Every structure is written in structure tokens, then in C-alpha cells.
Amino acid sequence: MGDATAAGRPETATAVPAGTDLAKAGLRFEVDGAVATVTLNRPERRNAMTFDTWRGLAAIGRSLPADVRVVVLRGEGACFSAGIDLGMFSGDGEGFSDGSDAAATDRFIAELQEGYTWLRRPEIVTVAAVHGHAIGGGFQLALACDIRVAADDAKFCMKEPALGLVPDLTGTKPLVEIVGIGRALELCLTARTVLADEAARLGLAEIVVPRDGLDGAVRDLTEALLAVNPGAAVATKRLLWEAAENTLEQQCAAERREQIGRLREMFGK
Ligand code: ACO
């Protein structure tokens with residue numbers, strides 16, 4: 001494996017690290033030039049996710065080839081994902097922490113969250129292609145992506161509170177940022193399902209297309225994203241994600257800083 005770049009990505013990685021069993025994690029990972037596709041691949045379980053799934057996602061993030069610019073996340077079969085594998089609550093597979101060791105549980109959840117946080121890196125644009133159900137951890141995975149393209153049969157549901165849990169896979173921040181605190185409370189505390197047309201109105205999906213047009217819409221979007229200058233895309237993503245946290249003054253300074261970088265690259269200084 002090559003040296004880490006400034007972006008924290010290996011320069012020459014082409015595969016997930018040895019020892020990561022993506023099939024066991026219910027994942028498929030394909031790279032085609034500048035586009036990587038991560039497929040949630042347990043269709044017989046509606047792409048329910050296990051701890052291995054989240055660790056597998058983190059491993060993909062760590063080993064993403066440096067020339068990948070767009071990452072598409074999609075689900076195989078009937079839906080995007082039915083969220084956490086409910087079998088884990090009844091003792092199948094690896095057990096849950098009971099939370100009694102707070103520090104260990106904190107570390108454990110942080111490790112799982114790594115499966116989601118890399119999707120925000122400025123060096124890539126991440127696209128969730130959502131059809132059918134996106135429940136709980138599945139909804140949060142879509143929220144972790146930069147752009148959501150939904151089929152008209154998409155159904156989003158934040159189910160965790162109904163199961164006695166909180167959403168803890170990085171989803172609460174983007175949810176509040178997108179829909180506002182009132183709507184986020186209403187969606188989470190009722191665990192109701194949001195259909196595609198409402199998702200579009202709320203900004204939970206940037207694009208909604210007929211079910212049989214989903215792959216084509218994602219292809220068109222990917223082509224458009226790749227047509228933009230790579231350096232400008234990275235700098236602009238960085239800038240836009242900073243905007244919500246910055247004051248106007250800080251954001252103006254960030255724009256100047258990024259533009260100086262662009263100008264230097266364009267004029268070879
Ligand atoms: N965990 C484990 N197995 C699942 C899950 C899941 N989350 N979701 C579906 N499956 C299994 C079903 O048990 C069923 O298995 P079987 O064929 O052995 O009976 C198979 O996948 C197909 O599921 P159906 O319910 O028959 O499919 P349907 O299309 O009718 O419904 C739906 C899909 C709505 C997703 C339903 O399966 C469901 O409600 N699943 C549970 C969703 C859930 O509560 N997830 C947890 C969210 S909270 C979180 O992620 C932290």
C-alpha cells in the first residue's frame with residue numbers, strides 16, 4: 001500500500017485491506033476508473049447491516065484509490081437497506097455492548113461511525129442511490145452521502161427511537177441541517193416513513209426519478225460531476241461543508257483562501 005496522501009488516502013490502493021471479508025460484511029465494492037460503487041449486498045435480508053457491514057464500509061473508506069472522485073452507494077434487490085440486522089438483538093452474531101463500560105462502548109460506536117464519516121471527505125463526491133426502504137442505519141447511510149438520488153418508491157424512516165435507541169451512525173447532524181430541528185424531531189420521535197415526494201420537498205432527496213430510471217439518473221449525475229475540474233470540485237466541496245459552521249467573515253476568508261489555491265494551480269505558481 002502506498003504512502004498516505006495529504007487527504008489521508010493511500011496513493012495506490014486498489015482493494016480493501018487484507019483481512020476484510022466484504023462478502024461476510026454484506027458488501028460489494030467495484031472501482032471503474034474514477035467511480036467506485038459500494039453495494040449493500042444482502043438482498044435476502046433486505047440489506048440489513050451488521051457490525052461487520054459498518055467495519056467493511058470503514059475499510060473501503062480507508063483504502064479508496066486516490067483517483068476515485070465519485071462514490072455511489074446502492075442496495076441490491078428490493079431496497080436500499082432495512083437498517084440494523086434485527087437478529088443481532090436476539091443474540092445472533094456479535095453481541096451488543098450493555099454500555100456498562102462507557103469508554104469501551106464509546107470507542108466501539110466510534111469505530112462503527114467511521115464507516116460513515118469518510119463519505120464527507122472533500123476529495124470525493126458521494127451519491128446515495130435509494131430505492132425502496134432506507135430504514136435506521138440505512139437512512140443514516142443515505143444522509144452521510146453528499147447527494148441523494150431517490151427512486152419514486154423510496155421510503156425513509158428513522159426507526160431507532162421506536163426500538164429504544166438513538167440514531168448514532170452520524171445521521172442526526174445532517175438530518176437537522178437538512179430538515180430543521182422541528183421536522184427532525186417529528187420524524188425521529190414518530191419513526192414515521194417519508195415517501196419519495198415528501199423526501200424531495202424536505203430536501204432529503206435532491207433528485208427523484210421513476211424506479212426504472214434510477215441507475216440512468218445516477219450515471220448522468222456521475223458524468224456531470226466528473227466533467228468538473230477535479231481541483232475545483234475538491235475545493236468547492238470543502239468550502240460548502242464549512243459554510244454552515246462559519247461566520248460570514250470566516251466564510252469569506254475561506255473563499256479567498258480556496259481561490260488563491262485555484263489561481264495558483266491554474267497559473268502554475
Ligand atoms: N434485520 C434482519 N432481517 C431483516 C431485516 C432486518 N432489519 N429486515 C428484513 N429482514 C429479513 C426478514 O426477516 C425476512 O426474512 P425471511 O425471508 O427469513 O422471513 C426478509 O428479510 C424479507 O423481509 P420482509 O419483511 O419479508 O420484506 P418486506 O419487503 O415485506 O418488508 C421491511 C421490508 C419493511 C424492510 C421489513 O422487513 C422491516 O420492517 N424490517 C425491519 C426494519 C427495522 O426495524 N430495522 C431496524 C432499524 S433501526 C437501526 O437501523 C439502528
Side-chain angles (χ1 to χ4, degrees), residues 21-28 38-58 73-99 105-117 119 128-145 148 150-176 178-179 183-199 204-205 211-212 214:
D21 184 344
L22 287 188
K24 180 164 170 270
L27 293 169
R28 209 167 64 228
V38 180
T39 302
L40 304 168
N41 192 29
R42 288 179 82 206
E44 72 290 354
R45 286 269 165 262
R46 300 294 184 265
N47 301 324
M49 301 156 132
T50 64
F51 298 137
D52 282 340
T53 311
W54 296 316
R55 292 190 188 110
L57 287 170
L73 283 99
R74 57 182 295 280
E76 192 64 51
C79 67
F80 184 72
S81 173
I84 195 167
D85 190 323
L86 295 172
M88 297 201 297
F89 290 106
S90 55
D92 299 359
E94 190 181 347
F96 277 90
S97 160
D98 65 5
T105 308
D106 184 90
R107 280 195 302 277
F108 179 72
I109 298 173
E111 183 199 353
L112 305 182
Q113 289 170 332
E114 274 179 42
Y116 287 52
T117 47
L119 295 161
V130 180
H131 73 289
H133 292 278
I135 303 176
F139 186 10
Q140 294 188 71
L141 186 62
L143 285 167
C145 291
R148 283 155 294 281
D152 56 6
D153 68 347
K155 301 173 189 70
F156 300 90
C157 173
M158 201 66 91
K159 187 85 175 280
E160 287 83 346
L163 300 175
L165 300 167
V166 298
D168 68 348
L169 290 166
T170 78
T172 56
K173 186 171 165 66
L175 182 66
V176 170
I178 294 168
V179 303
R183 182 63 69 192
L185 275 166
E186 184 260 330
L187 292 182
C188 292
L189 299 190
T190 64
R192 81 170 167 88
T193 297
V194 176
L195 303 181
D197 56 347
E198 185 186 5
L204 290 169
R211 173 67 190 94
D212 61 5
L214 184 61

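Keep in mind it's a predicted model, so treat the numbers as computed, not measured. First listed ligand is number 1; within each ligand, the first listed atom is number 1.
Although no hydrogens or angles enter the test, the distance criterion places no donor-acceptor pair under 3.5 Å between the side chain of T39 and the main chain of N41. Checked by atom type and distance alone, the side chain of R42 pairs as donor or acceptor with a backbone atom of A48 at under 3.5 Å. The main-chain N or O of A25 is found under 3.5 Å from a side-chain atom of T53 such that the two form a donor-acceptor pair. Side chain of Y116 to backbone of L143: no donor-acceptor contact under 3.5 angstrom is found. A donor-acceptor distance shorter than 3.5 angstrom exists from the side chain of R148 to the backbone of L204, with no hydrogens or angles considered. Proximity of a side-chain donor or acceptor of N47 to a complementary backbone N or O of E76 within less than 3.5 Å is detected. In this structure, H133 contributes its side chain and F139 its backbone to no donor-acceptor pair below 3.5 Å.
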After noting the C-alpha distance and the side-chain angles of R28 and R74, does the key distance pass the side-chain contact (heavy atoms from CB on, under 4.5 Å) rule?
CA-CA 10 Å; R28 209 167 64 228; R74 57 182 295 280; 3.7 Å; yes

Take L175 and F156 through the test side-chain contact (heavy atoms from CB on, under 4.5 Å) and record every step on the way to the result.
CA-CA 12 Å; L175 182 66; F156 300 90; over 6 Å; no

Starting from the C-alpha separation in whole Å, work towards a yes-or-no answer on side-chain contact (heavy atoms from CB on, under 4.5 Å) for L141 and L169.
CA-CA 8 Å; L141 186 62; L169 290 166; over 6 Å; no

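For atom 20 (C) of ligand 1, the choice among E44, M158, M49 with the nearest heavy atom turns out to be E44. The residue from K159, K155, R46, E160 that puts a heavy atom closest to atom 27 (O) of ligand 1 is R46. Remark: among candidates M88, H133, Q140, the nearest residue to atom 33 (C) of ligand 1 is H133, based on non-hydrogen atoms.
Proximity to L163 (heavy-atom distance under 4.0 Å) selects the following atoms of ligand 1: 46 (C), 48 (S). For ligand 1, the atoms closer than 4.0 angstrom to any heavy atom of A48 are 1 (N), 2 (C), 6 (C), 7 (N). Counting the atoms of ligand 1 from 1 in the order shown, those under 4.0 Å from a heavy atom of G83 are 50 (O).
Atom 8 (N) of ligand 1 lies below 4.0 Å from at least one non-hydrogen atom of the protein. In this structure, atom 15 (O) of ligand 1 has a protein heavy-atom contact shorter than 4.0 Å.
For the pair L86 and ligand 1, the shortest N or O to N or O distance falls below 3.5 Å. Where the criterion is an N or O separation shorter than 3.5 Å, residue side chain and backbone included, A82 meets it with respect to ligand 1. For the pair G137 and ligand 1, the shortest N or O to N or O distance falls below 3.5 Å. The distance criterion of under 3.5 Å between nitrogen or oxygen atoms is met by I84 with respect to ligand 1.
Residues meeting the side-chain hydrogen bond (donor to acceptor under 3.5 Å, both in side chains) test with E186, sequence neighbours left out: R183, R192.
Protein heavy atom in closest approach to atom 2 (C) of ligand 1: D85 OD1, 3.2 Å. Summary of contacts: the protein heavy atom closest to atom 38 (C) of ligand 1 is I135 CD1, 4.6 Å. Looking only at heavy atoms of the protein, atom 17 (O) of ligand 1 is closest to R45 NH1, 4.3 Å.
Neither the backbone nor the side chain of L169 comes within 4.0 Å of ligand 1, counting heavy atoms alone.
Heavy atoms of L165 come nearer than 4.0 angstrom to ligand 1 in no pair at all.
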